[in-house]
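Read the structure below first, then the notes.
Just so you know, residue 1 is the first one in the sequence shown, and it goes up from there.
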Amino acid sequence: MSIKDQIEALRTALRAHNYNYYVLDKPTISDYDFDMKLKQLQALEAEHPEFYDATSPTLRVGGMVTKNFDTVVHEQRMYSLDNSYSKEDLEDWEKRIRRVLGDETVEFTCELKYDGASISLTYEDGQLVRAVTRGDGFQGDDVTTNVKTIKSVPLQLKGDYPPKFDIRGEIVLPFEGFAKMNAERVANGEEPYMNPRNTASGSLKLQDSAAVAKRPLDCLLYGIVGENTGIRSQWEMLEKAREWGFKVPTVAKLCKSTDEVMAFIQHWDIHRHDLPYETDGVVIKVNSLQQQEELGHTSKSPRWAMAYKFKAEQVATVLNEITYQVGRTGAITPVANLAPVLLAGTTVKRASLHNADQIAKFDIREGDTVFVEKGGEIIPKIVGVDFSKRPQNSTPTQYIGACPECHTPLERTEGDAKHYCTNYYGCPVQITGRIQHYISRKAMDIEGMGSETVTLLFQEGLILNYADLYTLTKEQVMPLERMAEKSAENLVKGVAASVKIPFERVLFALGIRFVGETVAKKLAKAYKNIDALMAATEEELIAVDEIGERIAKSVIEFFQNEQNREIIARLKSYGVQFELSADKLENQTEKLKGQTFVVSGVFEKVSRNELKKLIEDNGGKVGSSISSKTSFLVAGDKMGPSKRTKAETLGVQIISEDDFLAMV
């Protein structure tokens, strides 16, 4: 047998043993024999580098060092899920689904929600080419080198896999492995890790992949995204992924009703503690991928999926003090400073009290013993007071009347739950908060600068607003604390590079109250440039799709302020993008202005998403369900009969894919 054949035979055998042990949990060889084969392969590969293979099992041991993790844009966005906490929530969700799908038969796939670090794996021609963290859903960190060390992640697939696709899942740390890691740390005199989830997440960002390889991480997969995968349902997706070599949990069920879904949830709420991993709920998905496509997404989450969260753990602790935080918009948030308490695997010291009404509702006072739980098991919140333990000298909480930072009297408008500091341009925390928002990842994404640096620059008098960032020099920045020549250079370069950020993100970065990412995109698309937006009247703004009176008033107020207009003029002079780019404007028309389209079925010439983009690019609106306001129903193959019936009843014109393409 030639050297090349020996190497290939060892690789094939080791891949099979890896799969049997780490995915199927059915080893067919002893650990010793496996290690001997691996050492034999390592020696042969070292002697014959010409036979290098990026999918070789020897790469599992790690050894490569990553200094900086590159930011990678997800080809398909990683959405978060809406949460539910009761059967009523699920029934409401099902009603919303049926409003869109009509009387089509709907099945649901139920899977356990594993608590780990979300990951997206890209495969091309059956080989793992990239592993990216969730990040903000739009972009994440490239952690491929570290993920390659996780034994249950296949480097080479088997079977009839598509040429290219992404598969999503969770990197988890099993309880047993976590306990062993902590036992070793305690024996070495080190602090134990707090919980498996945070340890798994932190492991992905270790610089030495050999250190990652020593951690017993696992990867559980649950969702494939990509064009032309040939898969028709979520259930089929799970089965196919297993066939191709992925570790897909077998705890899943196909359900025909919310009663069946609730039975699955109730079973696993009790039995989840028998599982080897942390779980915090059940994910319910519409099974048909065609129906998923029809239901689409909101700006944050898919309409076809829902996470049912198991009841949060609750603990009691003492509320030592109530303090108040000022946000970038001047909103005041009261914060409960607690006696430290362990809750759902983390030590909790603070919890949000939301607003004055919340404090009054529960009659929360300093010195009280309060009940704390994690909302969605993420953010701690106070859910009640143990009045039997209230101190005798207790006095009701008096909400503050002035800003804790600049002492300006607070205001609260009718119908608003929060109090506000109105010193918009003089309150230090509001000023730094706006700049911190401006530089953030979803806004201008300025590399080399963080929140602490912004505060330091402000305290040193180097910046008073975000336009001042563009005048900073390396020499000004270098004397700052923890700032060397290279980091000062990177900061200035990062600011200069931000002038390439597109208009819709610049609009979001300005920090106009109530103008989030989605609203910023709608306004940018409607007005094309900042001058047109600044000249818009309240009535004109309200006429824009999904822009209400509250947003319109806030936009008008922002642009009427002379200081804001001066800052925008300065940003323009530094080259910041204040109009849609030529490629965004290309092919955009007003042909379909004022018309609403509902898209249903399967199409031949363009995909459903391309069709929706064509509608929006030509000034039309995409509706999720048929109503009297619908102008056209674009009907594809396999469209549900109830949709056609509803359209005919309401007198909505039904057109084909070809009819629509002729319109644009």
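Shown here is Glu176, whose CD atom has no more than 12 heavy atoms of other residues, nucleotides or ligands within 6.0 Å. No more than 12 heavy atoms of other residues, nucleotides or ligands lie within 6.0 Å of CD in Glu75, so this atom counts as exposed by the packing criterion.
Relative ring orientation between Phe108 and Trp93 is described as tilted, the plane-to-plane angle lying within the 30° to 60° band.
Panel note: side chain Ser152, backbone Cys219; a donor-acceptor pair is recorded below 3.5 Å. A donor-acceptor pair under 3.5 Å is formed between the side chain of Asn287 and the backbone N or O of Trp235.
Arg99 and Ser625 share no side-chain donor-acceptor pair at under 3.5 Å. A donor and an acceptor atom, one from each side chain of Asp166 and Thr122, are located under 3.5 Å apart. A donor-acceptor contact closer than 3.5 angstrom is absent between the side chains of Thr144 and Arg130.
For the salt bridge (Lys or Arg N to Asp or Glu O under 4.0 Å) test, residues two or more places apart in sequence or in another chain that qualify with Lys113 are Asp280. For Glu657, there are no salt bridge (Lys or Arg N to Asp or Glu O under 4.0 Å) partners two or more places apart in sequence or in a different chain.
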Residues Phe597, Phe660; criterion ring pair (Phe, Tyr, Trp, His ring centres under 6.0 Å); working and verdict: CA-CA 10 Å; Phe597 294 77; Phe660 172 77; 5.6 Å; yes
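A cation-pi arrangement, defined by a distance under 6.0 Å to the six-membered ring centre and an angle within 45 degrees of its axis, is present between Lys205 and Phe69.
The six-membered or imidazole ring of Phe246 lies near that of Tyr123, with a centre-to-centre distance under 6.0 Å. The aromatic ring centres of Tyr308 and Trp268 sit 6.0 Å or more apart.
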